[in-house]
Amino acid sequence: MPWTRPDATSWSNPDELAALQRAELPRVLATALRSPFYAARYAGGEPPRTAADFAGLALTTKQDLRDAYPFGMLAVARTELATYHESSGTAGDPTASYYTEKDWTDLAERYARKWIGMSSSDTFLVRTPYALLITGHLAHAAGRLCGATVVPGDSRSMATPLSRIVRVVHDLEVTLTWSNPTEALLLAAAARAAGLRPERDFPALRAMFVAAEPLTAARRQRISEIWGGIPVIEEYGSTETGTMAGQCPSGAMHLWADRAIFEVWSPEAGTLSSTGRGQLVVTPLFREAMPLLRYNLADEVEVSARPCPCGWPLPTVRVLGRAAFAYHVGSTPITQQQVEEPVFRLPAACEVMFWRAAAEPDVLRVEIEVADEARERAVKELRAAIDRELGVPHQVTGLSPGTIVPAHALREQRDILKARYLFGPGEEWSKAVMYQ
């Protein structure tokens with residue numbers, strides 16, 4: 001299964017893509033039936049074996065994965081596993097997932113489908129968690145696949161505070177980074193705290209890869225501006241599936257439909273379709289350890305088959321987040337994206353990077369960090385935008401920089417993570433044994 005750029009495939013239209021998917025389905029179904037979960041689900045009847053049978057399959061839910069913990073979804077011998085992972089548990093208890101070496105080839109190839117390319121000339125900072133999550137390991141594997149020098153800057157390790165990562169990005173002349181969008185802003189703030197200018201003092205940096213948070217066009221543009229106009233390239237995935245979609249040069253997100261079947265589930269109508277708005281359902285086509293049949297990610301999306309200016313013959317997706325993450329102010333549902341958009345459309349001169357909001361039954365409270373000299377302007381413009389776009393009662397407050405993101409978090413250097421037992425005169429021995 002060699003890696004190919006999405007614009008260099010052997011198919012060029014939706015019909016050819018559907019034929020590719022149908023050809024793979026019998027093998028996918030046979031693999032799934034080796035797992036205890038699917039074997040039990042289809043016991044006592046005729047199991048699904050053909051592409052025609054696929055149309056009648058029920059959804060697999062996150063709760064199904066939780067109930068099957070730890071190895072109820074396993075379709076290979078334990079000896080064939082390469083890694084075990086768990087999701088972050090954003091919407092409930094974490095789910096388990098596992099991959100073979102062949103699964104990892106597919107994972108890394110999909111991640112590497114970045115339109116700017118990755119190569120041996122790149123120094124690639126991985127600034128997402130490693131641990132049980134897949135995100136850090138995924139980027140690391142893709143970087144190595146492409147020959148890049150990988151810098152494992154785990155964002156959840158006490159050994160890699162922001163100040164240290166800023167030094168590494170600067171001194172190693174890092175060319176590519178992988179993080180969530182918030183981390184890209186935190187790194188910029190930490191660079192400024194170190195006396196550096198993100199738009200000037202990191203000339204080697206040519207792109208930032210981001211994921212794991214809903215990202216509005218306004219925030220993507222602001223991150224790019226802060227870092228000197230470099231591309232901010234988004235992707236979409238999960239621990240259970242790996243990368244499912246990536247951004248093209250035209251700014252659209254394309255589903256890797258040559259590696260998985262994507263459908264849209266309408267809970268209201270109880271129907272599945274290839275396009276439209278609803279919850280994204282995915283069936284990976286090249287999964288050995290943990291095959292998933294019609295796995296409902298419960299992410300609200302909008303999928304379209306309209307041609308994209310980039311020319312990639314793949315459906316596009318807009319990730320809208322999870323409907324459960326909307327809060328009501330009066331009768332109006334408010335999502336993070338709806339507040340984020342006007343915050344990051346504030347003039348760049350206001351230098352607003354960090355904000356928070358509380359959607360209460362009778363009022364939306366928004367706070368932004370902004371310097372004294374720009375505070376009045378930023379607050380006035382944000383109030384006007386919320387009035388115009390959301391139309392809910394609101395309060396907007398400008399806070400001094402360092403209120404939401406403390407200055408010490410941007411500057412501190414933490415102790416090295418090694419246990420100590422013996423201390424000298426005047427040393428604080430309450431740090432004994434425990435890593436600091």
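In what follows, every heavy atom counts, from backbone to side chain, and hydrogens, waters and symmetry copies are set aside.
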Between [X] and [Y], does any side-chain donor sit less than 3.5 Å from a side-chain acceptor?
X	Y	value
Thr100	Glu288	yes
Asp299	Tyr236	yes
Ser87	Thr239	no
Ser430	Glu428	yes
Thr177	Ser179	no
Thr123	Thr175	no
Thr216	Glu340	yes
Thr83	Trp104	yes
Thr397	Glu367	no
Ser238	Thr241	yes
Glu86	Tyr84	yes

Is the closest side-chain heavy-atom distance between [X] and [Y] below 4.5 Å?
X	Y	value
Thr60	Phe37	yes
Tyr38	Met73	yes
Leu172	Thr149	no
Pro342	Glu389	yes
Leu25	Asp53	no
Leu176	Met208	no
Ile233	Ile116	yes
Leu364	Val396	no

To the nearest 0.5 Å, tell me how far [X] [atom1] sits from [Y] [atom2].
X	Y	atom1	atom2	value
Ser304	Arg318	OG	CZ	10.5 Å
Thr50	Arg22	OG1	CZ	12.0 Å
Gln338	Ile386	CD	CD1	11.0 Å
Thr335	Glu341	OG1	CD	10.0 Å
Asn296	Glu263	CG	CD	10.5 Å
Gln21	Leu17	CD	CG	4.5 Å

Would you say [X]'s side chain and [Y]'s backbone share a donor-acceptor pair under 3.5 angstrom?
X	Y	answer
Asp201	His170	no
Asn180	Thr182	yes
Gln221	Ala218	no
Gln247	His254	no
Thr160	Ser157	yes
His137	Leu132	no
Ser224	Ile230	yes
Arg27	Leu285	yes
Ser250	Ala252	no
Thr283	Arg294	yes

Problem - Residue Glu412 excluded, over 12 heavy atoms near CD under 6.0 Å - result: yes
Problem - CZ/Arg78: more than 12 non-hydrogen atoms of other groups inside 6.0 Å - result: no
Salt-bridge contact [X]-[Y] (side-chain N to carboxylate O under 4.0 Å):
X	Y	result
Asp106	Arg287	no
Asp258	Arg113	yes
Arg219	Glu213	yes
Lys62	Asp93	no

If you take all heavy atoms of [X] and [Y], which pair is closest and at what distance?
X	Y	result
Ala148	Phe124	CB-CB, 4.3 Å
Arg110	Met244	NH1-N, 4.5 Å
Tyr99	His85	CD1-CD2, 3.9 Å
Ala189	Met353	CB-CE, 3.7 Å
Ala142	Ala112	CB-N, 4.2 Å

Practice task
Begin from the C-alpha positions of Gln279 and Val264 and carry the test side-chain contact (heavy atoms from CB on, under 4.5 Å) through to its verdict.
Solution key: CA-CA 5 Å; Gln279 298 177 1; Val264 180; over 6 Å; no
Tell me whether the guanidinium CZ or amine NZ of [X] lies under 6.0 angstrom from the six-membered ring centre of [Y] and within 45° of its axis.
X	Y	result
Arg156	Tyr130	no
Lys114	Tyr111	yes
Arg127	Trp178	no

Practice task
Please say which of Leu399, Leu382, Val352 ends up in a side chain to side chain contact (heavy atoms under 4.5 Å, CB included) with Val370.
Solution key: Val352
Practice task
Begin with the C-alpha distance, continue with both residues' side-chain angles, and end with the deciding distance and a verdict on side-chain contact (heavy atoms from CB on, under 4.5 Å) for Leu65 and Glu240.
Solution key: CA-CA 9 Å; Leu65 268 59; Glu240 302 96 322; 3.9 Å; yes
Handout entry: Glu183 vs Ser155, side-chain hydrogen bond (donor to acceptor under 3.5 Å, both in side chains): CA-CA, chis, key distance, verdict
Key = CA-CA 8 Å; Glu183 193 72 22; Ser155 63; 5.1 Å; no
Exercise for the section: Would you check, one step at a time, whether the test side-chain contact (heavy atoms from CB on, under 4.5 Å) holds for Arg356 with Val366? Expected result: CA-CA 6 Å; Arg356 61 192 177 195; Val366 183; over 6 Å; no
Exercise for the section: Start with the C-alpha distance between Thr403 and Glu369, add both sets of side-chain angles, then the distance that settles side-chain hydrogen bond (donor to acceptor under 3.5 Å, both in side chains), and finish with yes or no. Expected result: CA-CA 7 Å; Thr403 306; Glu369 278 193 6; 5.1 Å; no
Problem - Phe71-Tyr98 aromatic ring centre distance below 6.0 Å - result: yes
Practice task
Quick one: do Leu320 and Val301 satisfy side-chain contact (heavy atoms from CB on, under 4.5 Å)? Show the steps, please.
Solution key: CA-CA 5 Å; Leu320 307 172; Val301 300; 5.6 Å; no
